Amino acid sequence: MGVKEQPQKTYTEQFEEVFPYYLSLGMTYEEFWEGDISLPKFYREAEKLRVKRACEDDNFQCWLQGLYVYEAVNCAIGNALRKENTPQIKYLDKPLEIFKDEKQKSRKDIEEEREKASIKVQLQMNNWIKMFSYLPKD
Amino acid sequence: MDSIRLTYKDKVYQLEFTRKSVQTMESRGFVLENLSKTPVTLYYELFKGAFLAHHKFLSSSLIDDIYEATTSKAKLHERLLDMYTSTLTSLLGDGEDEEGENSENFTPNWE
C-alpha cells in the first residue's frame, strides 16, 4: 500500500482561504482580487499598528483603574484607622483630569497664578532684606 | 507595483497579474505545477494571462504577435513566473510577523 500524495492546493483555493482574513483587516473585494498585489503587506502592517495601539490603550486603562482602586482603598483604610477629631478622607468627587495641559487657563487662573508669583517674590525680597540687615553697615 | 511594460507598434501594454486574473487562468485549466512538463505551452499561457488585468479584450492573434516579437524570452519567462507567484507569496508574509527584521519583539517591562 503506497502513500497517497495529497493534491496540491491551487492558487485560487489558497486565495479563498485567506480572503476572509483580509476582509477582516478592512480590505475590499476589489483591492484583494483586482488591486495591486502588494497591498496585503500594508494591511498587515496597519493591523500590527492597530494591535499595538490597542495594547497601549488597554495598558493605560488598567493603570488608571488601579489608580482609582488605590484611591478608594486608601480612603477606606484611612477612614477606618482615623483618629478622633481628624477630618474624614473623601473619595475623589470627580474623575481625574487626564488632559490637564489641554485645559485652557481661565482669566481667574491666570490672575491667581500672578498673585501667587508676586507673593513669592515679595517673600523672597523680605528674606533678602532680613539677611542684609544682619550684615555690618561698613 | 510589479508589472512589465511592453511597447508594440507604438502602443504600450502593461503586463500584470492580479488574483482575479490568476483565478481566471486557473478556471481555464492553467496549472503552474505542470510547468516542468510542458514549459513552452505554459509559459505562453502565462504570457497571455498577464494581459488579463489591463488588456482583457485583446485578441489572441495580437498577443501571439507581441509574444513572437518579444526578445530575451528567458528573462521574460522568469519575470512572469516571479510575478505570478507573487500573487500568493504577498499574502503569506514571508515570516515577517515572527522573525523578520521588521518584527518587534514584545518584551514586557514588569519585574
Side-chain angles (χ1 to χ4, degrees), chain A residues 2-70 73, chain B residues 1-4 14-37 42 45-46 49-50 52-56 79-110:
Chain A
V3 179
K4 212 173 183 182
E5 205 175 297
Q6 286 279 321
Q8 212 165 1
K9 283 180 187 170
T10 62
Y11 273 44
T12 307
E13 283 168 343
Q14 295 183 73
F15 294 159
E16 283 169 357
E17 258 176 35
V18 295
F19 182 41
Y21 170 70
Y22 282 98
L23 283 179
S24 79
L25 299 188
M27 214 170 175
T28 62
Y29 176 93
E30 285 75 23
E31 282 173 336
F32 183 85
W33 289 103
E34 291 157 28
D36 188 337
I37 58 163
S38 61
L39 262 179
K41 184 188 168 199
F42 300 106
Y43 272 92
R44 286 196 303 273
E45 278 173 17
E47 175 66 2
K48 266 195 217 170
L49 290 177
R50 259 197 300 271
V51 169
K52 194 180 168 195
R53 206 166 47 231
C55 280
E56 282 169 356
D57 288 349
D58 287 349
N59 195 18
F60 180 76
Q61 288 297 327
C62 291
W63 175 81
L64 194 62
Q65 198 175 2
L67 197 66
Y68 281 117
V69 170
Y70 172 80
V73 170
Chain B
M1 190 176 277
D2 204 5
S3 63
I4 300 170
Q14 190 182 353
L15 276 66
E16 193 186 0
F17 289 108
T18 62
R19 291 182 191 91
K20 191 78 183 169
S21 57
V22 170
Q23 189 188 40
T24 308
M25 285 167 70
E26 286 190 336
S27 69
R28 289 175 185 170
F30 181 85
V31 182
L32 189 68
E33 280 69 45
N34 294 341
L35 197 67
S36 54
K37 293 176 200 163
L42 285 200
E45 288 299 319
L46 208 57
L52 286 172
H54 299 287
H55 314 281
K56 202 174 180 178
R79 189 80 200 284
L80 285 171
L81 187 61
D82 189 40
M83 281 161 54
Y84 186 89
T85 52
S86 291
T87 57
L88 183 65
T89 55
S90 62
L91 292 174
L92 305 177
D94 303 327
E96 71 197 16
D97 295 336
E98 278 81 33
E99 287 163 3
E101 53 184 34
N102 295 329
S103 70
E104 275 187 67
N105 292 325
F106 175 67
T107 45
N109 60 0
W110 61 70

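In this text the structure is predicted, and so the values were computed from the model without any measurement. So that the names make sense, note that chain A is the first sequence line, chain B the second, and so on, each numbered from 1.
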B:Phe17 portion near chain A, given a 4.5 angstrom heavy-atom threshold: backbone
Atom CD of A:Gln65 with >12 non-hydrogen neighbours under 6.0 angstrom: no
Segment of B:Thr85 engaging chain A (4.5 angstrom heavy-atom cut-off): both
Atom CD of A:Gln8: over 12 foreign heavy atoms under 6.0 Å: no
Rounded distance (nearest 0.5 Å) linking atom OH of A:Tyr11 with atom CG of B:Leu32: 5.0 Å
B:Leu91 vs A:Tyr21 side-chain heavy atoms within contact, under 4.5 Å: no
Side chains of B:Leu88 and A:Phe15 in contact at under 4.5 Å (non-hydrogen atoms): yes
Distance in Å, B:Thr89 OG1 paired with A:Lys41 NZ, rounded so as to fall on 0.5 Å steps: 11.5 Å
Proximity breakdown for A:Phe32 and chain B, heavy-atom pairs closer than 4.5 Å: both
Interface moiety of A:Phe19 toward chain B, non-hydrogen atoms closer than 4.5 Å: neither
Taking every non-hydrogen atom, the tightest pair across B:Thr18 and A:Gly35: CG2-O, 4.0 Å
Heavy-atom pair of closest approach, residues B:Arg19 and A:Ile37: NH2-O, 3.0 Å
Engaged part of B:Met25 at the chain A interface, taking heavy atoms whose separation is under 4.5 Å: neither
Which atoms of B:Glu33 approach chain A - backbone, side chain, both or neither, heavy atom under 4.5 Å: side chain
Close side-chain approach of A:Glu16 and B:Gln23, heavy atoms under 4.5 Å: yes
Nearest atoms (heavy-atom pairs only) where A:Arg44 meets B:Ser90: NH1-O, 2.9 Å
